[in-house]
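A quick write-up on the structure given underneath.
Labels below follow one simple rule: chain letters A, B, ... track the order of the sequence lines, proteins then strands, and each chain is numbered from 1. Here the structure is a predicted model, which is why all the values come from computation and not from measurement.
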Amino acid sequence: MDLVIILQAGVASGTVLLFATIGEIFTERAGVLNLGVEGMMLIGAMSAFAITAATGNGWLGLLVAMLAAGALALLHGVVAIHFQADQVVSGLALTFLGTGLSLVFGEGLSKAGTVSLLPQATIPLLSAIPVLGPILFTGHSVMVYVGYLLVPAAWFFINHTRPGLHLRAVGENPTAADAMGINVFTLRYTYVFVGGVLAGLAGGTISLAISPGWFSELTTSGQGWIAVGLVIFAQWDPWRAAFGAYAFGALRRLILDIQGPQLLLGLRNPFFYNPYLGFFLQMLPYAFTIAVLVIGSREAMRKRLGAPAALGLPYIRGERGA
Amino acid sequence: MTTSAPATPRWRLPYRLVVEPRLEVPRWLSPLVSLGAIIAALLLGALVLALVGGDPWKAYAHIARAAFGEIGVFSDTLVKATPLILTGLACSVAFRMKLWNIGAEGQFYAGALGASALVLSGAVPADLSPWLSIPILVVGGMVCGAAWGLIPGLLKAYLRVNEIITTLMMNYIAVALVNFFVFAVWSESGFQMSPMFPKNAWLPRLADYAREVPLFRGLTTHLGLVLAVLAAGVVWYILYRSLWGYEIRLIGDNPRAAEYAGLDIRRTTVLALLLSASLAGLGGMSEITGVVHRLQTSISPGYGFSGIIVAWLAKLNPLLVVPVAILFGGLILAGREIQPAGVPRLIQGIILFMLIASEVLLRYRLRLERATA
């Protein structure tokens, strides 16, 4: 059990959560709650793997994954934005739909064999930094580096650009945004789509890079829901999302590695001698998500931080907001 | 967006579509819209099936025949409907308060685990009369289900922690916990299942009375169905005839008004989630004692999640949950044999989607109007 290896793997598998979480941050910042992340990730993972298996081109697979998940998100967009339906139920429906579609179209894909994966890279110079170099910059899939770029980009876009200001306005006070001449509906559709695209990217990153292959629902095993929870923990901020995503990634790896050695901190390792205790280790990511939500909510109550004010509320022109 | 929009179009459609808010909704409209949504969903599902190279009409005909075709299969459909009624009721109670308990699946597992623990630990001895053992197991299943809902309920009420995610996370934890007990504690000679329960922990089936009523021969419908239908009546009474149910509905419709009226929202939140979770727990108990007769992995093909759709399709009305669950029970029963395996899930997803999308027709009226020149 090597801490560097755990953190390195944590960064890799955390990248999946990172994409999905930042995507959901965009969607929720625009005031739309999309709980269908798990379904969109599954569609992304399935279509990325299927297209790559058929064409041998991982980039094409990734592109199709993003578009497919984005299209699915737009379905939620229509129902939530124009039909003013309950966004919780619509998001659940999207999860069912995405799971069902990916199972139906992914039938037989698990036997597709090996597929040319996305390239891996080591960054020159940066990888020579002690400790951080091996963890962050050595031998990772390119998607991990895309993740590094996405975090500051998303933060800068949301907080320091005019379109980012419009995004926040639409989520906080759509009536005022509308009066300013911002097209609330167009922007909400845009960011619902962006959220779907990033969830699709997360799914494709799983099936092409992090744990390659298609294993039906087990491909994501609830990571989409963890991402929805991380958004709340992150308080809709990309930097905190990155911290949470990588921490969860490291936790996933730790759970695998902790069962290996016979001695743990000089003591008999109970997880080695009784492999059934591994079931309790499996619970950890989910229990941690609950813990993280509790921490997040306490902090939010103390600092009076909160969700975007119009989150989950449909905007109806000419009606007074709540 | 069109590239060029002429200021004066050379021609215009003789009619235009007017969308206007409805002031009141006719009583007949809501069921009609739901029916239309289901038909549209089945057509869409057929399209997808055809796309992946299946024969949708054959698949649908198969579902109808294999679920409702004769009394034997209909009895099996009722067996599948039993847990769905209970999870559907669980979701109805919580959703009526806009409390999004999507953890019925985990509470179902917790109820099954609780009932199994009572039997396998010997707390309910094998020579106890079924008149005593079954009520004990019912209570045990409900209490364990409720316990699984207690944590999200308390977190929601006192720390305002989002219950959607906590209830969902509890699902994964419950499944892992059941797996631990199945593999490590109660494994029967290394298999992924516990030993068979003694007979006094089996819910009676219709087939048990085949000697008295020959018609019942081979029918698997068990006492759980009676419990489920009774539960539907009780939940209806609680929601629509009791003060507490009125509070639940008031909080669901207008939390601010409920707060001004002095209702204890925290207490009601916890109690409503406990009631919801105990119903799902009863579902798990009934499945384990009525069908499986032992604890094993994957005792549910997603009953907790299908319960969400059942509840929504029944408009959160506990009495409507029963017939809707029977329809869905048929879908799940017959769907097991349909390939690819994701089809039932897909159709459920499309139905739920169409259903909520169609609700716009209840709020708005579409009307064709002759265009004025």
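By the 4.5 Å heavy-atom criterion applied to side chains, A:Phe96 and B:Leu346 are not counted as neighbours. Looking only at side-chain heavy atoms (C-beta outward), B:Val360 and A:His82 stay at 4.5 Å or farther from each other. Contact check for A:Asp86 versus B:Lys98: side-chain heavy atoms found under the 4.5 Å cut-off.
Heavy-atom distances place no part of A:Ser102 under 4.5 Å from chain B, backbone and side chain included. Interface remark: A:Thr289 contributes side-chain atoms only to the contact with chain B (heavy atom separation under 4.5 Å). For B:Ile173, the parts lying near chain A are the backbone and the side chain together; criterion is any non-hydrogen pair under 4.5 Å. With a 4.5 angstrom heavy-atom cutoff, A:Val79 touches chain B only via side-chain atoms. Both the backbone and the side chain of A:Leu75 come within less than 4.5 Å of a heavy atom in chain B. Within the 4.5 angstrom heavy-atom criterion, atoms from both the backbone and the side chain of A:Leu293 approach chain B. Neither the backbone nor the side chain of A:Gln87 has a heavy atom closer than 4.5 Å to any heavy atom of chain B. When heavy atoms are compared at a cutoff of 4.5 Å, B:Ile164 approaches chain A solely by way of its side chain, counted from C-beta outward. The contact between A:Val89 and chain B is made by backbone and side chain atoms together, counting heavy-atom distances below 4.5 Å. Proximity to chain A (any heavy atom under 4.5 Å) is shown, for B:Ile350, by both the backbone and the side chain.
Put simply, of A:Leu35, A:Leu277, A:Val228, A:Ile290, the one with the most heavy-atom pairs under 4.5 Å next to chain B is A:Ile290. In terms of heavy-atom pairs under 4.5 Å with chain A, the best-connected choice from B:Asn162, B:Ile309, B:Val48, B:Ile308 is B:Ile309. When the candidates A:Glu217, A:Arg298, A:His76 are compared by the number of heavy-atom contacts under 4.5 Å with chain B, A:Glu217 comes out ahead. Interface check for chain A: of the options B:Leu159, B:Leu51, B:Ile351, the most heavy-atom pairs under 4.5 Å are formed by B:Leu159. When each of B:Leu168, B:Thr166, B:Leu361, B:Asn171 is checked for heavy-atom pairs under 4.5 Å with chain A, B:Leu168 comes out on top.
Between the side chain of A:Ser297 and the backbone N or O of B:Arg160 there is no donor-acceptor pair closer than 3.5 Å.
Atom CG in B:Leu352 sits 7.0 Å away from atom CG in A:Leu92 (nearest 0.5 Å). In this structure, CG in A:Leu97 is found 11.5 Å from CD in B:Gln348, a value given to the nearest 0.5 Å. A:Leu284 CG to B:Tyr172 OH: the interatomic distance, rounded to the nearest 0.5 Å, is 15.5 Å.
The minimum heavy-atom distance between A:Gln84 and B:Arg363, with the atom names listed, is O-NH2, 3.2 Å. B:Ala357 and A:Phe83 get closest at one heavy-atom pair: O-CD1, 3.4 Å.
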What verdict does the side chain to side chain contact (heavy atoms under 4.5 Å, CB included) test give for A:Trp225 and B:Met169, after you've listed the backbone C-alpha separation in whole Å, the side-chain angles of each residue and the deciding distance to 0.1 Å? CA-CA 8 Å; A:Trp225 290 104; B:Met169 292 297 130; 3.6 Å; yes
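Taking the centre of each ring, B:Phe180 and A:Tyr276 stay at or above the 6.0 Å mark.
For A:Phe185, the CZ atom is densely surrounded, since the number of other residues' heavy atoms within 6.0 Å is greater than 12. Other residues, nucleotides and ligands contribute only 12 or fewer heavy atoms inside 6.0 Å of the CD atom of B:Glu259.
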